[in-house]
Amino acid sequence: MTTVLTPASPLTAADRCDRCGAQAYLRVVLASGGELLFCAHHGRKFEPELKKIAVEIQDETGRLTTTTASASDDER
């Protein structure tokens, strides 16, 4: 997936996948001005089609593999 660094606001837990309702980690901006939100699973699944229609893709799937600094050793 192509990552585009733009001043777009970060995705939050309130942003949900348009396909399944899980937390969204990808924002796909369309040429028409609309946007689609996808979880990591559906973002990967639809990647070839999304690349054809996207003007911009904000990919925050890297957050899935990071551990927050506030997590204790027992939580890691």
Leu30 backbone acceptor or donor facing Glu56 side chain under 3.5 Å:
no
Do Arg16 side-chain atoms and Leu37 backbone N/O form a donor-acceptor pair below 3.5 Å?
no
Rounded at 0.5 Å granularity, tell me how far [atom1] in [X] sits from [atom2] in [Y].
X	Y	atom1	atom2	result
His41	Cys17	NE2	SG	8.5 Å
Arg44	Phe38	CZ	CZ	13.0 Å
Leu26	Leu50	CG	CG	8.0 Å
Gln58	Ser9	CD	OG	6.5 Å
Asp18	Glu35	CG	CD	8.5 Å

Give the C-alpha distance, both sets of side-chain angles, the deciding distance and a yes or no for side-chain contact (heavy atoms from CB on, under 4.5 Å) between Tyr25 and Leu64.
CA-CA 9 Å; Tyr25 289 94; Leu64 292 168; 3.3 Å; yes
If two hydrophobic side chains count as joined below 4.5 Å and joins carry through other members, does Val29 share a cluster with Ile57?
no
Candidate pair Asp15 and Gln23, rule side-chain contact (heavy atoms from CB on, under 4.5 Å), full reasoning:
CA-CA 6 Å; Asp15 294 308; Gln23 184 172 347; over 6 Å; no
Any salt bridge between Lys52 and Glu49, counting N to O under 4.0 Å?
no
